[in-house]
Every structure is written in C-alpha cells, then in structure tokens.
Amino acid sequence: MTRNSILSLRKLVLAIIAITFVFAFSACNNKDNENVQRFKDAASNLDNTHHTLVDEFDYWPECGIRVMGSHLASLISLTELQEMLPCPLYVSGPHHDGKWDLENENDFGHYNPKAIQYLADLAKKVVSDKNFVKLTKPLVDEYLYRQMRIMMVLHDAVYDEELCPEDYRENLFNEMIETNGYGDDAFYIQAVLDLEDGSYVYSNTSDRFLYFWARRWKDGTIDQFYQALSTVYKAYYPEYEYHLYDYFMEEGDYWEGDWEEEFYFYPTEYNVELEPDEPVTDEERFNEEDGMEYIMGAVLNLDNSTNVLEYEYDDWPNGTLRITASHLFSMLSLRTLNRILPCDLYVSGPHHYNHWEFNCSYDFGRYNPDAIQYLDKLASKIVADKKFVQQTKPLVDKYLKKQMFTMKAIYEGLDNKELCADKQEILVNSMECEGHTYDNTVAGKFLYNLPGYNDEDNNYCYEIEMCLYWWARRNADDTMDLFYHGLKTVYDAYYPEE
C-alpha cells in the first residue's frame, strides 16, 4: 500500500468518525429538544391534570408533595419520564414497573445523580424561553408556586449556617430518615419559619417537604434537585431572595432564649374570641338539665359552625378529627364543656382549660373516666328524645355520620378475631407511628381489611389512620371502652337499622 493510499485511508476513517460524531450529537440534540418540548407541553397543561393516587384525598392545588406528585404524574408518567432519560432515574428503592411505591416505610427511591443533573439541564433550557415563561406563569402561580416556595425556603434555611450549622443539619436529616420524617429538630425548624400564605399547604404538610430534602441529602442528589428547582423558581420569580429573618415567625421570640419552652407551650391560634383560660370553679358548673340544653343546641346548630383553627385547611364536613373538633368548638368551647361536667375533662396532658394544644410532639390529653361516663349519661338521655333525633338526623347525616361510622367500625374491627388477631399489637403500632400507618404496617393492614374499606363508595373518613390513632390514645388512657359505649348509644339512636 502506497503512502498516498495510507493517507487516503486515514482521511476516510477520520471522515467516518466525524460523520458518526455529528450524527450522534445531532441525535442527542434532537432528543433533548423533544424532551424540552415535552416538558413545555406538560407545564402548559397544569390546569388539565387528574389525581393518580386513588386512595389519597385530593386537595390539589393547595396540597402537599404527594398529591402534587400525583397530579404531575398525570402529565408525564414515571414510565415516560424514564424513557426520556439517558440513564436510570433510580439507583435503588421500592419503585418499579413504572409505578411509585409511596407506602413503603422501610425504603425510599434513591435517585440517580446523573438523571437529576440531566433534568436540571433540561429545566434550564425550558425556562430560557422567556415567552414560554410569560405564557405559563399564571398556571405556575395557581398550581406550583406555593409548593416551590416552601421547598426553596426550607432548603435555604437548613443550609443557612446561622440557623443550621453543618452538624445540626446532619443530625436533623438523620433524625428524619430514622423516624420516617419526624423529629424535634425538624419540628423546631418548621415552627420558627413563617411560610403561611393564606393556604394550608405549609401548616399541614411542611414535614413532608422537609422530609423530601432529607431523603435527597441521604441519596446524594440534594444539590442537583436544588439546582433544578431554583432554576425554574427564579425564572418565574426573579425577585426571590433568601434572608433568614424575613421568615421568622416572630423575630427574636424563638431565636433568643429557651426556644423549647417557648415553642412547645405556644398556644394554638384561634380565630374566635376565647373565654378566660382559667380553671372552672364549682359555682360555674351547670346542672344536668342545662348541660343537656347546651349540647342539644350545638347539634341543632351544626349548619352554622365555623373552623376556629385559623391555620388549618377546612375540609368540613368530610373532615378529619381535628377539623371536626374545630367546628364543634365554635359552638361548644372546651371551657363550656368543662362547665357542663362535674369534673375536669382531662386528668393530664398539654391542653389548656379553654383550648386544645394540637401541636405537642411529646404528650397528649388523657381523659378523665368520670367525665366520659357523665357525658355518656347525658348522651343517653338526649337521644332518648325521639323527636330530637328525628329533627337533627339530617344534620348528623351531613356532618357527623362518617366520623361516627369510622370510629365505630375501627373499634368493632379491633374486637373481631377474624380481622384482628392481636388488638394490642395494632394499637401499639399506631402509637409508635403517631398515626402515620401505611398498608405495609400491622395497623395499616388492619385498616385495609376493614369491611367495605375497599369499596368505591365507602363510608370511612379519608384520614382513617388518625381515627385509629385516636383509639390507640384512648387505649393508653383507659377510656377506650367508655368512649365506645357512648358512641354506640348515639349511633344506634340515629341509625338503628345498621
């Protein structure tokens, strides 16, 4: 082979390599461009999502991170997202077959840093289109602003060395990982940051947002996720700047001095004028007849109740136990209830004389058995009045039946040997999880197997886990059977055929 032939062969090889590289680079660019357009299409349809988690209550767009993810998955599924990526989305974890496993308490998805970096780079390309950002900003304002803001500030706060030095931050994240999203350090961070915006997103779900960052710290993708988030957030909200003291609940109140005492005994905010928060004297207590009139008046006015917990989302009458109690409080305050009783309602716990302390991480109210027996006696006399029952049944149907049905079904299920081999094991599990039980826990499996629970139109509260947790606490303070007796008395009076 001549020298010229060798040179020609080399040129040919180089040309083939160059052509191959150009085609490969072009194919890569085309794929990226397709993905950029796919994300633009998804963002343009934020007002056309649907809920993909069938067993979760849907409160989009004022929702937490799970429901937000559920709706976004209706725009780009996990399977489609994986196909868009040049590498696996996860390196380990429970998610598989194109579906997220959101109920696994033993493991979570560990993201692939390369995949998240790729998505961060795509995000930069998406929002570099200023016209697209302008057109979609009303949708982002409505559907994603709240959640992105919470995630931005929480991240910036835990990486603020003044608030969270590195050792503190690592302890905080480790504590959340070990306790499935809870812990005193995490509780403090969420308490001192004021991120309320007129919705209930932060007050109800801030722990899940912070837990997301803890998991990303654990799997080593927190920097890539923050890069993606901040790129998008600052494209839509370029005025954003993080300054620690802009977000303090009350500047100086928690930052200086003994914050534990200040926080744990800080009273829940009510949007009604409270009666004096002082012990009830014997002279103030009502006689039996007057007490019954107060209770009957409250039932007759169920249509006129209000949510007195100012920072709690109001899902009445579909409600959680907290919101149900909040509405009942608007008609019959805790102090008035104590005046109806011949003794104090609680023997111990964090509650005040005239309002409940719902945000105490280390204690709960232990009821006075004598008080519960007395209320049971009053309830029996009230529902013995058939005319009153008939008159108020439409109100009870609308506002209280679902809660009563759920509580009754759980209690009776715990006493059913076919459903529950070990009642105490389930109640202890609920206490250990602080009510946050899922299908793979002992308590979660019990709830899942309750009669009618899986029916499309079941009669259970959507926060059934918290109802079980309430019974677990009543088991702990030895008032469980007393409460059930009163509950059954009332329920059977209104629904004798069931």
Side-chain angles (χ1 to χ4, degrees), residues 279-280 285-286 288 291-292 294-295 298-299 319-326 328-329 332-383 400 403-416 420 422-435 437 443 446-447 450 461 463-493:
V280 173
R285 298 190 188 278
F286 300 128
E288 182 178 293
M292 289 172 58
Y294 267 93
I295 295 172
V299 178
T320 62
L321 290 179
R322 285 162 71 102
I323 293 302
T324 299
S326 169
L328 296 181
F329 183 101
L332 192 68
S333 72
L334 182 55
R335 195 167 195 279
T336 299
L337 183 56
N338 273 304
R339 294 181 66 188
I340 290 172
L341 297 169
C343 54
D344 288 339
L345 181 60
Y346 296 102
V347 293
S348 67
H351 305 307
H352 298 242
Y353 295 105
N354 190 40
H355 67 271
W356 287 279
E357 176 53 78
F358 286 140
N359 297 317
C360 184
S361 64
Y362 59 88
D363 199 9
F364 61 89
R366 288 166 173 79
Y367 285 95
N368 185 340
D370 292 338
I372 307 310
Q373 284 184 321
Y374 185 79
L375 287 175
D376 184 6
K377 181 178 73 171
L378 294 189
S380 297
K381 292 185 176 183
I382 290 170
V383 298
L400 296 178
Q403 291 89 334
M404 289 198 298
F405 173 86
T406 302
M407 302 298 290
K408 181 171 176 286
I410 292 174
Y411 180 98
E412 292 171 354
L414 289 167
D415 278 347
N416 185 334
C420 176
D422 190 335
K423 176 178 179 179
Q424 289 303 315
E425 180 184 23
I426 291 171
L427 294 170
V428 168
N429 180 227
S430 180
M431 289 290 284
E432 290 174 342
C433 297
E434 294 184 339
T437 55
F446 161 74
L447 293 174
L450 285 175
C461 295
E463 244 195 10
I464 189 173
E465 299 88 355
M466 293 297 107
C467 295
L468 175 60
Y469 186 36
W470 192 88
W471 279 126
R473 288 183 164 188
R474 300 298 68 80
N475 178 65
D477 68 13
D478 293 324
T479 61
M480 189 173 182
D481 293 338
L482 293 174
F483 267 104
Y484 173 71
H485 186 272
L487 170 65
K488 189 174 187 304
T489 297
V490 174
Y491 193 87
D492 289 350

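Scope of the values below: all heavy atoms of this structure, side chains included, with no hydrogens, waters or symmetry mates.
- With hydrogens and angles disregarded, no donor-acceptor distance shorter than 3.5 Å links the side chain of Trp471 to the backbone of Ile410.
- Within the 4.5 Å cutoff, the side chain of Lys488 has no heavy atoms near those of the Tyr411 side chain.
- Residue Phe286 comes nearest to Gly291 through the heavy atom pair CB-N, 4.1 Å, listed as atom of the first residue, atom of the second, then distance.
- Atoms CG and CG, from Leu414 and Asp422 in turn, are 10.5 Å apart once rounded to the nearest 0.5 Å.
- Atom-to-atom distance recorded for Ile372:CD1 and Asp481:CG is 12.5 Å, nearest 0.5 angstrom.
- Screening Asn368, Leu337, Asp370 against Leu345 for a side-chain contact (heavy atoms from CB on, under 4.5 Å) leaves a single residue, Leu337.
- At distances below 3.5 Å, at least one donor-acceptor pair connects side-chain atoms of Thr489 with backbone N or O atoms of His485.
- When all heavy atoms are compared, the tightest approach of Glu465 to Gly435 is CB-O, 3.1 Å.
- Residues Cys420 and Asp415 have side chains not in contact (no heavy-atom distance under 4.5 Å, counting atoms from C-beta outward).
- Within the 4.5 Å cutoff, no side-chain heavy atoms of Asn475 are placed close to those of Val428.
- Of all the heavy atoms in Ala443 and Asn429, the pair that sits closest is N-OD1, 2.9 Å.
- The side-chain heavy atoms of Tyr367 and Val347, taken from C-beta on, include no pair separated by under 4.5 Å.
- Between Ala371 and Cys343, the shortest heavy-atom contact is N-SG, 3.6 Å.
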Q: Kindly indicate, with the supporting measurements, whether the criterion side chain to side chain contact (heavy atoms under 4.5 Å, CB included) is fulfilled by Leu468 and Ile426.
A: CA-CA 9 Å; Leu468 175 60; Ile426 291 171; 4.1 Å; yes

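- Of all the heavy atoms in Leu341 and Arg285, the pair that sits closest is O-NH1, 3.0 Å.
- To the nearest 0.5 angstrom, Ser430 atom OG is 12.5 Å from Glu425 atom CD.
- The side-chain heavy atoms of Ile382 and Lys377, taken from C-beta on, include no pair separated by under 4.5 Å.
- Side-chain contact between Glu288 and Lys381: present, with at least one pair of heavy atoms (C-beta onward) separated by less than 4.5 Å.
- Between Trp470 and Phe483, the ring centre distance stays below 6.0 Å.
- For Tyr346 and Asn338, the side-chain atoms include no donor-acceptor pair closer than 3.5 Å.
- With respect to the salt-bridge test (charged N to carboxylate O, under 4.0 angstrom), the residues Glu463 and Arg322 do not qualify.
- Summarising the geometry, atom OH belonging to Tyr294 is positioned 9.0 Å from atom OG belonging to Ser333; distances are rounded to the nearest 0.5 Å.
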(Q) Determine whether Asp478 and Arg473 satisfy the following criterion, salt bridge (Lys or Arg N to Asp or Glu O under 4.0 Å), listing intermediate values before the conclusion. (A) CA-CA 9 Å; Asp478 293 324; Arg473 288 183 164 188; over 6 Å; no

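- Distance NE2/His351 to CG/Asp363: 8.0 Å, rounded to 0.5 Å.
- Side-chain contact between Arg474 and Tyr469: absent, with no pair of heavy atoms (C-beta onward) separated by less than 4.5 Å.
- Proximity of Leu482 to Leu375: side-chain heavy atoms (C-beta onward) are nowhere separated by under 4.5 Å.
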Q. Run the side chain to side chain contact (heavy atoms under 4.5 Å, CB included) check on Lys408 and Tyr484 step by step: do they pass?
A. CA-CA 7 Å; Lys408 181 171 176 286; Tyr484 173 71; 4.2 Å; yes

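- For the atom pair Ile464 CD1 and Gln403 CD, the distance stands at 12.0 Å (nearest 0.5 Å).
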